[in-house]
Each structure stands twice: as structure tokens, then as C-alpha cells.
Amino acid sequence: MEYHSILEKQIRKILTGNFQENAELTQLLDTISKSYHAFDRDKKLADHAFVISEKEYQKVNTDLQDQIDIRKASIIKLKEAIRALDPTEANRFDDKDEDLINIISFLEEQIKKSKQLEAELILAKETAEKASRAKSEFLSIMSHEIRTPLNAIIGTNNLLHYQDPLPSQKELLNVMKISSENLLSLINDVLDYGKLEEGKIILAERDINLKQFVKNLRAAHRLRAEERGNNLRLMYDEDIPDFVIGDDIRLGQILNNLISNAIKFTKKGVITVEVLLNNISEEHVLVDFAIIDTGIGISEDKQEMIFDRFTQANTNITREYGGSGLGLTIIKLLLQLQNSEIHLKSEAGKGSKFFFTLSFKKSTTSLQEENKKTLNFEAPNLNNIHILLVEDVDFNVMVAEKMLQNWNATVEIANNGEIAVEKVQNNQYDIVLMDLQMPVMDGYTATKKIREFNKTVPIIALTASITMDIQGRAFEFGMNDCITKPFNPNDLFSIILKYSNLGL
Ligand code: ADP
């Protein structure tokens, strides 16, 4: 056999002769040679193992270093974020301080603080909501309180007009009429704004003779326009159908406000009310409205803000012209409700143009039919109509009673709901006019009780304002319709006609 190289050398140096014949010696030499080979193999293996663990050690080392770097970078970033969040906390962490625990306790504090803030905000929101509800309630109570005597003033004024006053008295009565109506419109503005904000306005759908409607508007404003040396012109597009369906009261509110503003801010100029047909489709009539004046105009920087509530282009002007700064806000909201928008083009010193487009439903009513009705219309007469008026405020009773008696109706009065229930139980009425807020028993409860034994007598709610809430509640309790106070004599008359089988 071949011996290990080192053994081979030794054999050559030491052993002479024919040592291979000595069996014991050759066996010893074989064993030594195997030991040498085994030693070599073990050494090789040990060397290899060392190289491998050295490599692994280096890899682990660099990984660890990378992790330390990432940790350091994260801590720096965390500190930067904390400083950006709260500069007052900047000194709390010096740059050498890498203590994560410090940062975590800071974050815990922040979380606690923000939870506390959140709780405070929820409380503040609840308080604000309560305040807002209190504001709405206050407004609705106050408006009712103010409207009640105002109703009496406007109603008395209407009655005095019926009694052929002297020309000099007529003039004074007119001043009273205009002032009280202005006051009423201001109260209505404040209330409307509240209702619009809460989304409580409902739009009516009535036939409107648009031409007559805008002509009436012009007639109502002509005097005031002339007083300020203004020429109030109307440009009406004859292609517009005779009748369209929409909410005449809200349209009147929008146009009245814009025309009043145009007159208010124009002296010795021209105000043009333009009503033009934009388009007629199968179901709708689209009409463009514009109110153009040659007055003081509005500078460009003020043009957006005048649509915000309680804002006016110039505070000096306010004192000269008066106004609440609510008109345009209400117009904006009323148009939004009808999917429309108010636009303005104006230049300071040159005048303004406010314009918008409204979509009306098509109407089947024609002018000929309406004329026929008017020809057949006789002087107001409610002969043989027996009315129960349920109202607690004496002035209101007086005004409504006189109005109804002027039309020859028979009127009985109940000062509260309880008396009304008793009267309906013992008498036959053609119609019941029912105030809603009364002492002893309110109008809702009285109606509910009446409906327990009489399902047919028409009951009309008398209310200061018709909101969705009020109308919904009135119907729920069994009333047939609503009418607003102070009554417009025509509205009161037509609602009585409608429900007393005398309807035209
Ligand atoms: P009010 O007229 O009650 O102050 P509005 O909301 O109707 O409230 O109008 C807000 C402001 O917009 C007015 O105070 C006025 O400064 C300006 N403004 C409105 N209409 C005109 C107009 N036709 N010409 C000039 N300024 C106007």
C-alpha cells in the first residue's frame, strides 16, 4: 500500500532491508499511515468549518449593523415628527437621546391628550346643537309673539280700507299698511332663513299666470321706484305660456327682494325686469329672469360675499339704505331648493344685473278658461255658511270675524280647543278654522278629539308659518288644510269656498 507522504519519508530514512517481510511491522506502518490520512482529513474539515463560521459571523454582524442604523434613522424621524407636531416638546429629546421608551411615553401622553380633546369637542358640539335648537325655538316663539299683534294691525288696516276712509286717512292707512307689511316681511325673512337652513321649506305647486304676476309686482313697486326718480320697466316674452305651475309665493319673494334692492340702490336711473322664454320641453317651461339696474353697482371684490348672510357690500350704505343683509342669502337658498342659481354681473358705479333661470311644470290651464271663471265670479258672498272660528287672541278674532261677516258668513267663536270640541259636538258647522297654539287645549288636541266623533267637518289650521313639520302634524291629527296668518283675504275666501261645497 502507499503510505502517507510523511511516513514514506521516515521509512526511507530509517528502515533498510526488506522490512516488508515483517508482517507485524507492515501492519504497524499501515495503521500509522491511516492515522496520518485521518489527521489530514480532520484538519481540512476543521479549516473549512472555520471559514464558513467566519462568513456567517460577518453576515450576522452586517445585518445587526443595518438594523441599528434603521433603528437610529427611525428614532430621528420620530423625533422630527414629534417636533413638527409640537415644537414646544423639541427640547424634551436631546439629539443623543435614543431612548425609545421616552418617545413611547410621549406618544402615550399625546394619545391621552387627543382623547381628552375629542371628548371636549363632542361636548362642545352637543352644546352648540342645544344652543342652535334653543335659537330655533326662540325664533319661532318670538316670531309668533310678534306676528300675533302684527296680524291684528294688518287685519285692522284691511278692515278700515273696507270702510271708505277719507282720502287723507287713506294715505295714513297706506303708510301703516306698508310699514306693517315691511315689518312682517323682515320677520318672515329671519324665520325663512332659519327654516331654509334646516331644510324645512316646502314648495307649493300652483297655477301662475306669469304675465299678470310680474305685472302686479311692477305695479306694487312702481310708486317707490318713482319716488326715487327711477323708471321701472318690464320686458316680458309673449311666447311664455299663459300659465305655468310653480310656487308663486317663493317666486314673489325672490323677485320682490331683487326689485326692492334694485330700487334701493338706484337713484334717477332705469330698472328693468326681464322675463324671457328659455325653452319649452314636453313637461317643463324654462324661464330666464333678470333684474337690471343702473345704480351704484357692486365692486368685484364684494360680489361673492353679498350672498352670505348678514353681509352688505358697504356698511355706510347700510345706514343710508337699511336692510338686514339676509335677502340675497334667502334668494340663493330658495333658488337652490329649485335646482337653480343666482348670478350677478356688476360694475361699481355702473349698475347691476341679477339673473337666474327657473324651470316650471307645464300647466293645462288657459287664459280663456280663467277669463270665463272671472266673468262668472260674483261679489264675495258666503251666505248660509256657518263657520266656527277657534282663536284665543282677541284682535285676531275681531279681524277674522269682521272679514267673514263682510262676506255674510255666520261666525261663532271658541276661545280655546276645549270650547271648540264642545261646540262641534252640539252644532252643525260647514267649516272650522282652528288656531294651533291656544291655552287650555291646543288646536292639534282639539282636532284629534273632534275626529273621534266627527270625521267629515273640514278643519283648517291657522298657523303663523307653514313648515313641513307643522303641515305634517296638522294632517296627522286630522286637519284638512293650512292657512297662514295674517290671512290674505283672498286666500281665506278661496279656502272657505274650496271646503264648503260652494267651490267654483
Ligand atoms: P339687504 O338689502 O337687506 O342689505 P341683501 O342680502 O338683499 O340685504 O343685499 C346684500 C347687499 O348686497 C346689500 O346690502 C348691498 O350692499 C348689495 N346689493 C344688493 N343688491 C344690490 C344692487 N341692486 N345694487 C347694489 N348693491 C346691491
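Read the numbers this way: they start at 1 and go in the same order the structure lists the ligands and their atoms.
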Which segment of [X] sits under 4.0 Å of ligand 1 when only heavy atoms are counted:
X      : value
Lys302 : neither
Ile298 : side chain
Thr266 : neither

Under 3.5 Å, side-chain donor or acceptor atoms of residues 111-120 against the rest of the protein: list the pairs with distances, not counting sequence neighbours.
from: Ser114; atom 1: OG; to: Gln110; atom 2: O; distance (Å): 3.3
from: Ser114; atom 1: OG; to: Ile111; atom 2: O; distance (Å): 3.1

Under the salt bridge (charged side-chain N to carboxylate O under 4.0 Å, His left out) rule, what pairs show up with a residue in residues 334-350, not counting sequence neighbours?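 Qualifying pairs, neighbours excluded: Glu347-Lys350.
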
Mind checking whether His386 and Tyr429 have parallel, tilted or perpendicular rings, split at 30° and 60°?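 His386 vs Tyr429 ring planes: tilted.
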
Is it the case that Arg473 places NZ or CZ above or below the six-membered ring of Tyr444, under 6.0 angstrom from the centre and within 45 degrees of the axis?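 The answer is yes; both the distance and angle limits are met.
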
Any Phe307 heavy atom less than 4.0 Å from ligand 1: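 Under 4.0 Å: no for Phe307.
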
Taking only non-hydrogen atoms of Gly297, do any sit less than 4.0 angstrom from ligand 1?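 The answer is yes, since Gly297 has a heavy atom less than 4.0 Å from ligand 1.
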
What are the atoms of ligand 1, with element, lying closer than 4.0 Å to any heavy atom of Lys264?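 Counting from 1, the qualifying ligand atoms are 1 (P), 2 (O), 3 (O).
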
Over all atoms of both residues, closest heavy-atom pair of Ile459 and Met434: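 That closest heavy-atom pairing would be CG2-CB, 3.8 Å.
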
Assess whether a salt bridge exists between Glu412 and Lys423, defined as any Lys/Arg side-chain N lying under 4.0 Å from an Asp/Glu carboxylate O.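 Salt bridge: yes.
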
Any nitrogen or oxygen of Asn261, main chain or side chain, under 3.5 Å from a nitrogen or oxygen of ligand 1?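 Among all N and O atoms of Asn261, at least one is under 3.5 Å from an N or O of ligand 1.
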
